Student: 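Supplied in structure tokens, the structure appears directly below.
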2 protein chains.
Amino acid sequence: MDIVAMDTETQSEIVHDKQSCTAGVTGIRDALYVLNGKWKLPLIFSLSGGPMRFKDIQRSLGDITPKILTKELKELELNEFVVRNVFSTTPVTITYQLTPYSQSLDRVLLELKDWGIKHRQRIVASRKSRGIKLSKLTH
Amino acid sequence: MDIVAMDTETQSEIVHDKQSCTAGVTGIRDALYVLNGKWKLPLIFSLSGGPMRFKDIQRSLGDITPKILTKELKELELNEFVVRNVFSTTPVTITYQLTPYSQSLDRVLLELKDWGIKHRQRIVASRKSRGIKLSKLTH
DNA sequence: CGGAATCCCAAAAGATACTG
DNA sequence: CAGTATCTTTTGGGATTCCG
């Protein structure tokens, strides 16, 4: 019994009673619920440089198929992260642009991006890297 | 250098030439590659309070099945986020605990958690909330 | 308790082709 | 260019049962 003991807790700076823990888990699950999947976060990040056209987004993400991109864009529209603009040029021009609300994700994106970059460096530098997951980018 | 300035990018504080954009997309995709799915981030967050046993993790996440939890824990072990401890008590006791490396995710987790909490508040407060995605927590 | 085994379904994602 | 349409494969995830 109580083998786990009440020690070990000194490591974490974060307050972590059961209340705040489940609240935290809920927060993270809520976030992931709208930002799920392989593409939404990269897509939002890509758009954070300014409005882009369909084909340009596709290129910037590397290898997403149009079908998936269409679906992701629609979901992001529904959740008010993205707006679709239609310009009556000939031929018609369409751009996708982030909403102000999506800027609330800036810090998340920044932290995730930095972490990913460092993680890649760690894996590449490590001799133990065999068998450890790392995506086969960059195309 | 005036990197940001050369075109119409004045709106974004983030430097966003094509180079750094694809680098950023790659970073985010690398991060998501190891942290994919519905459970890994909530799981890591949950463990950040200290070592936990299988059943306790399961409870803290609400509704994950043992099969999925086993799979997620193994993947996190492979990627050196989690360590599995076996204590030779009777019956045997097993705990899972975060590695030091997983602490590099603290800021990501923090930002994501905060965003998720604010997002939920926004959805709940909004009259336009119908049709907008929000997970049906908390149990 | 800490899982493993099996079965099953739905969703995610990819390939390819095609259209206005 | 900006998507649709189809088809297929893969994965994620849930339910249930069982075991030491």
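As the structure is a computational prediction, the values presented were derived from the model and not from experiment. Protein chains get the first letters and strands the later ones, always in sequence-line order, with residue 1 at the start of each.
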Student: Kindly say if Tyr96(A) contacts the phosphate of dC1(D), meaning a side-chain N or O under 4.0 Å from OP1 or OP2.
Tutor: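 So the side-chain polar atoms of Tyr96(A) never come under 4.0 Å of the phosphate oxygens OP1 or OP2 of dC1(D).
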
Student: Which part of the nucleic acid, if any, lies within reach of Glu72(B) when heavy atoms closer than 4.0 Å are counted: base, sugar-phosphate only, or nothing?
Tutor: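 Counting heavy atoms under 4.0 Å across all strands, the contact made by Glu72(B) is with sugar-phosphate only.
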
Student: Let me confirm one number: the CG-CD1 distance from Leu76(B) to Ile44(B), rounded to the nearest 0.5 Å.
Tutor: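 Reported value, rounded in 0.5 Å steps: 5.0 Å.
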
Student: Using a cut-off of strictly less than 4.0 Å, decide whether Arg53(A) has a side-chain nitrogen or oxygen near OP1 or OP2 of dA2(D).
Tutor: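 It does, given that an N or O in the side chain of Arg53(A) lies less than 4.0 Å from OP1 or OP2 of dA2(D).
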
Student: Please determine whether a side-chain nitrogen or oxygen atom of Thr70(B) lies at a distance below 4.0 Å from atom OP1 or OP2 of dA4(C).
Tutor: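 It does, given that an N or O in the side chain of Thr70(B) lies less than 4.0 Å from OP1 or OP2 of dA4(C).
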
Student: Which whole-number value in Å describes the distance from Lys38(A) NZ to dT10(D) P?
Tutor: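 Atom-to-atom, Lys38(A) to dT10(D), this comes out as 14 Å.
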
Student: Is it true that Glu75(A) and Lys40(A) make a salt bridge, defined as a side-chain N closer than 4.0 Å to a carboxylate O?
Tutor: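 Answer for the salt bridge query: yes.
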
Student: Would you mind classifying the nucleic acid contact of Ile68(A) as base, sugar-phosphate or nothing, using non-hydrogen atoms under 4.0 angstrom?
Tutor: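 It contacts base atoms.
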
Student: Which heavy atom of Tyr33(A) sits nearest a heavy atom of Asn36(A), and at what distance?
Tutor: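 Closest heavy-atom pair between Tyr33(A) and Asn36(A): O-ND2, 3.2 Å.
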
Student: Aromatic rings Tyr101(A) and His119(B): how do their planes relate, parallel, tilted or perpendicular, breaks at 30° and 60°?
Tutor: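 Answer is parallel, since the angle falls under 30°.
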
Student: Could you state the CG-C1' distance from Asp63(A) to dT16(C), rounded to the nearest angstrom?
Tutor: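 Answer to the nearest Å: 16 Å.
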
Student: Measure the distance from CG on Asp56(B) to P on dG3(C) and round it to the nearest whole Å.
Tutor: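 Roughly 12 Å, once rounded to whole Å.
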
Student: Between Leu69(A) (CG) and dA2(D) (C1'), how many Å, whole number?
Tutor: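 Nearest whole value for this atom pair: 10 Å.
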
Student: Nearest-Å distance, CG (Leu61(A)) to P (dA2(D))?
Tutor: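 After rounding, the reported distance stands at 14 Å.
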
Student: If you compare every side-chain N and O of Trp39(A) against the phosphate oxygens of dG14(C) (OP1, OP2), does one of them come in below 4.0 Å?
Tutor: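 For dG14(C), OP1/OP2 do have a side-chain N/O of Trp39(A) under 4.0 Å.
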
Student: To the nearest angstrom, how far is Ile57(A) atom CD1 from dG3(D) atom P?
Tutor: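 About 9 Å, once rounded to whole Å.
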
Student: Would you mind reading off the distance between Lys71(A) atom NZ and dA13(C) atom C1', rounded to a whole angstrom?
Tutor: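 Rounded to the whole Å, the gap is 7 Å.
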
Student: Can Glu80(B) and Arg122(A) be counted as an ion pair, charged N to O under 4.0 angstrom?
Tutor: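 Result for this pair is yes, salt bridge flagged.
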
Student: Would you say dT4(D) has OP1 or OP2 under 4.0 Å from some side-chain N or O of Lys74(A)?
Tutor: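 So the side chain of Lys74(A) is within the cut-off, an N or O lying under 4.0 Å from OP1 or OP2 of dT4(D).
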
Student: Does OP1 or OP2 of dG2(C) have a side-chain N or O of Arg59(B) closer than 4.0 Å?
Tutor: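 The answer is no; no side-chain N or O of Arg59(B) sits under 4.0 Å from OP1 or OP2.
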
Student: dT16(C) P sits how many Å from Gln58(A) CD, rounded?
Tutor: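 That distance rounds to 14 Å.
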
Student: Which comes earlier along DNA chain C counting from the 5' end, the contact point of Lys67(B) or that of Pro91(B), where each point is its nearest nucleotide?
Tutor: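 Of the two residues, Pro91(B) wins.
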
